Amino acid sequence: MALIDMFLSRAVTRGQLTLHRPGKPPTTFGTPDAEYGHITIRFADRGVAARIVRNPALAAGELYMDGRLTVDGDDIMGLVTLMKRNDAWENGQQALQPSALVRGIGAVKHRLDRINMERRSKQNVAHHYDLSARLYDLFLDADKQYSCAYYTDPGNTLEQAQDDKLAHIAAKLAIRPGMRVLDIGCGWGGMALYLNKHFGVEVLGVTLSEEQLKIARERAAAAGVADKVRFELIDYRRVEGQFDRIVSVGMFEHVGPPQYRTYFRKCRDLLTPDGVALIHTIGRLGPPSVTDDWTTKYIFPGGYNPALSETIAAFEGLKLFLTDVEVLRLHYAYTLHEWYRRTLAAKDAIVALYDERFYRMWTFYLAGAAQAFEHGGLVNFQIQFSRSRAELPITRDYMIEGERALRGV
């Protein structure tokens with residue numbers, strides 16, 4: 001109890017957090033601040049505090065899922081925001097740490113999980129992406145873009161921002177008619193279909209999710225382009241052929257650092273001599289680290305958000321030209337807030353599809369992710385590289401002009 005009180009007194013200085021727990025009067029931490037708000041949480045039993053102290057990164061989420069840690073108004077976004085805003089990445093970290101033994105075991109486990117050999121990769125993907133398609137329909141845009149949108153205006157709708165994301169990436173690829181494009185981790189097919197629609201190119205999309213594959217193929221057939229836009233259930237390491245362009249959005253997070261060199265070497269081998277690739281990935285602002293226990297167990301087993309340093313180092317010596325790097329800071333925060341809002345609106349449908357515990361897990365995931373981008377150390381990297389020194393224009397004007405043309409502005 002004393003450890004939690006000590007931590008909360010340091011962690012909440014602006015805004016207020018009131019804690020209710022059995023056998024003790026309510027305790028309020030922090031100072032009133034209308035901008036930060038006032039959140040009330042409740043521990044259902046004396047064991048909650050002990051669980052949190054042993055492994056806070058895992059226990060807080062599990063206790064919330066189990067209903068043993070509750071937030072008045074079920075405002076999990078408010079709780080996470082209050083804690084993370086008081087502990088913004090640029091101001092240093094105050095997080096309650098697990099014991100040295102738990103940290104040591106966790107570090108070894110995470111590094112083993114990130115090996116991501118082929119069989120494990122498919123299992124990891126299935127854990128998250130083979131959930132009911134109905135779930136994703138409830139909070140994603142109609143095109144089923146399950147990655148960071150691109151907000152040319154923070155007031156734009158999610159649908160507009162996701163369409164603008166496709167335009168932003170497509171413009172960077174500098175695609176010309178007649179090219180062959182590989183989409184690694186193609187999701188439900190939105191990017192592949194977009195590139196075919198706007199450039200008439202042939203696209204191969206590869207995924208390890210059987211649910212995504214089924215829907216992507218249905219979409220291509222419905223659009224009458226199944227002969228030009230093909231989707232296959234295959235690991236990127238098994239793809240063969242030559243492609244003028246490679247695009248990968250939201251997949252690199254599942255590769256795992258031990259496989260980074262293999263990934264970039266495979267991309268190089270698949271690209272034509274003038275080929276260009278664009279990798280869009282979540283990344284961390286700090287040095288290499290590990291994924292937190294809760295996310296690894298419940299959301300993305302084997303997942304890891306890379307530091308830019310380990311990403312770039314992975315293709316040094318492979319004779320690939322690094323041609324552009326862009327850092328998207330708040331775009332994913334805007335995206336996740338909208339997914340969270342839509343998830344709250346769909347609570348009854350999600351509970352009917354799964355149960356209350358799953359719903360709490362999903363809202364905890366989205367709230368934590370939103371704050372990791374809004375006040376934490378996560379961003380998105382768009383990394384462009386080419387086998388050719390001269391294939392791309394020497395200024396970025398082509399990106400801006402191409403994007404505006406695709407957006408019709």
Side-chain angles (χ1 to χ4, degrees), residues 1-32 36-87 93-107 109-110 290-301 340 343-344 347 350-351 354-372 375-376:
M1 291 289 189
L3 183 58
I4 288 180
D5 285 355
M6 186 184 303
F7 164 68
L8 291 176
S9 66
R10 295 198 313 263
V12 183
T13 57
R14 295 187 62 181
Q16 292 181 292
L17 176 71
T18 296
L19 171 61
H20 292 258
R21 49 197 157 176
K24 292 195 68 174
T27 307
T28 298
F29 305 90
T31 56
Y36 281 60
H38 188 163
I39 297 295
T40 298
I41 64 174
R42 301 174 188 272
F43 292 175
D45 56 75
R46 295 177 183 272
V48 172
R51 279 280 309 279
I52 292 176
V53 168
R54 283 197 297 271
N55 191 347
L58 177 63
E62 288 188 332
L63 290 164
Y64 177 72
M65 290 163 59
D66 293 338
R68 294 173 63 194
L69 185 163
T70 60
V71 187
D72 282 13
D74 205 19
D75 186 11
I76 190 61
M77 179 68 83
L79 173 61
V80 176
T81 301
L82 177 65
M83 301 300 291
K84 202 66 181 175
R85 195 169 183 184
N86 270 281
D87 185 32
Q93 301 294 323
Q94 302 289 332
L96 185 63
Q97 296 295 326
S99 69
L101 177 61
V102 170
R103 291 199 305 271
I105 293 172
K109 178 180 179 297
H110 285 307
V290 297
T291 305
D292 69 273
D293 288 346
W294 187 86
T295 301
T296 298
K297 182 175 180 179
Y298 290 99
I299 306 299
F300 294 116
Y340 179 83
T343 295
L344 294 187
K347 177 180 179 179
I350 294 173
V351 170
Y354 291 101
D355 55 28
E356 288 272 359
R357 189 172 189 271
F358 180 93
Y359 171 78
R360 288 193 293 269
M361 179 191 77
W362 207 255
T363 55
F364 188 85
Y365 150 54
L366 294 176
Q371 290 311 307
H375 299 293

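In this text the structure is predicted, and so the values were computed from the model without any measurement. Note that the numbering runs from 1 along the sequence shown for the chain.
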Across all chains, not counting sequence neighbours, the side-chain contact (heavy atoms from CB on, under 4.5 Å) partners of Thr81 are Met77, Gln371
For Thr27, side-chain contact (heavy atoms from CB on, under 4.5 Å) partners two or more places apart:
Arg21, Phe29
Partners of Asp74 by salt bridge (charged side-chain N to carboxylate O under 4.0 Å, His left out), sequence neighbours excluded?
none
Got a sec, which residues hit side-chain contact (heavy atoms from CB on, under 4.5 Å) with Arg51, two or more places apart in sequence or on another chain?
Arg54, Ala59, Glu62, Leu63, Arg68
Nearest 0.5 Å, what's the OG1-CG distance between Thr70 and Asp75?
12.0 Å
Is there side-chain contact between Tyr36 and Thr31, with at least one heavy-atom pair below 4.5 Å?
no
Looking at residues at least two apart in the chain, or sitting in another chain, which of them share a side chain to side chain donor-acceptor pair (under 3.5 Å) with Ser9?
none
Not counting sequence neighbours, which residues clear side chain to side chain donor-acceptor pair (under 3.5 Å) with Asp66? List them please.
Arg357
Ring centres of Tyr354 and Trp362 under 6.0 Å apart?
no
Is any side-chain heavy atom of Asp5 closer than 4.5 Å to a side-chain heavy atom of Lys24?
yes
Quick one: are Phe43 and Ile4 in side-chain contact, heavy atoms under 4.5 Å?
yes
Rounded to the nearest 0.5 Å, how far does CG of Asp355 lie from CZ of Arg360?
8.0 Å
Side-chain heavy atoms of Leu366 within contact of Ile76, under 4.5 Å:
no
Please tell me if the side chains of Thr291 and Phe300 come closer than 4.5 Å, counting only heavy atoms from C-beta onward.
no
Does Thr13 offer a backbone N or O that forms a donor-acceptor pair with the side chain of Asn86 under 3.5 Å?
yes
How would you list, by chain and number, every residue that makes a side chain to side chain donor-acceptor pair (under 3.5 Å) with Thr18, sequence neighbours excluded?
Thr28, His38
State, yes or no, whether a side-chain contact exists between Ile52 and Leu69 at a heavy-atom distance under 4.5 Å.
yes
Looking only at heavy atoms, the pair that brings Gly15 and Val12 closest together is O-CG1, 3.6 Å
Do His375 and Asp87 have side chains that get closer than 4.5 Å, going by heavy atoms?
no
Hey, mind stepping through Trp294 and Met65 against side chain to side chain contact (heavy atoms under 4.5 Å, CB included) and telling me if it holds?
CA-CA 11 Å; Trp294 187 86; Met65 290 163 59; 3.4 Å; yes
Roughly how far, to the nearest 0.5 Å, is the CG atom of Leu19 from the CD1 atom of Ile39?
13.0 Å
Mind checking what makes side chain to side chain donor-acceptor pair (under 3.5 Å) contact with Arg85, not counting sequence neighbours?
Glu35
Any idea which heavy atoms bring Gly376 and Lys84 closest together, and the distance?
CA-CE, 3.6 Å
Test side chain to side chain contact (heavy atoms under 4.5 Å, CB included) on Leu17 and Leu79 and set out the steps.
CA-CA 8 Å; Leu17 176 71; Leu79 173 61; 3.9 Å; yes
Tell me the closest heavy-atom pair linking Met83 and Ala11, and the distance in Å.
CE-CB, 4.1 Å
By side-chain contact (heavy atoms from CB on, under 4.5 Å), Leu344 pairs with (sequence neighbours left out) Tyr340, Tyr359, Thr363
Looking at Ala44 and Gly67, what are the two nearest heavy atoms and their distance?
CB-O, 4.3 Å
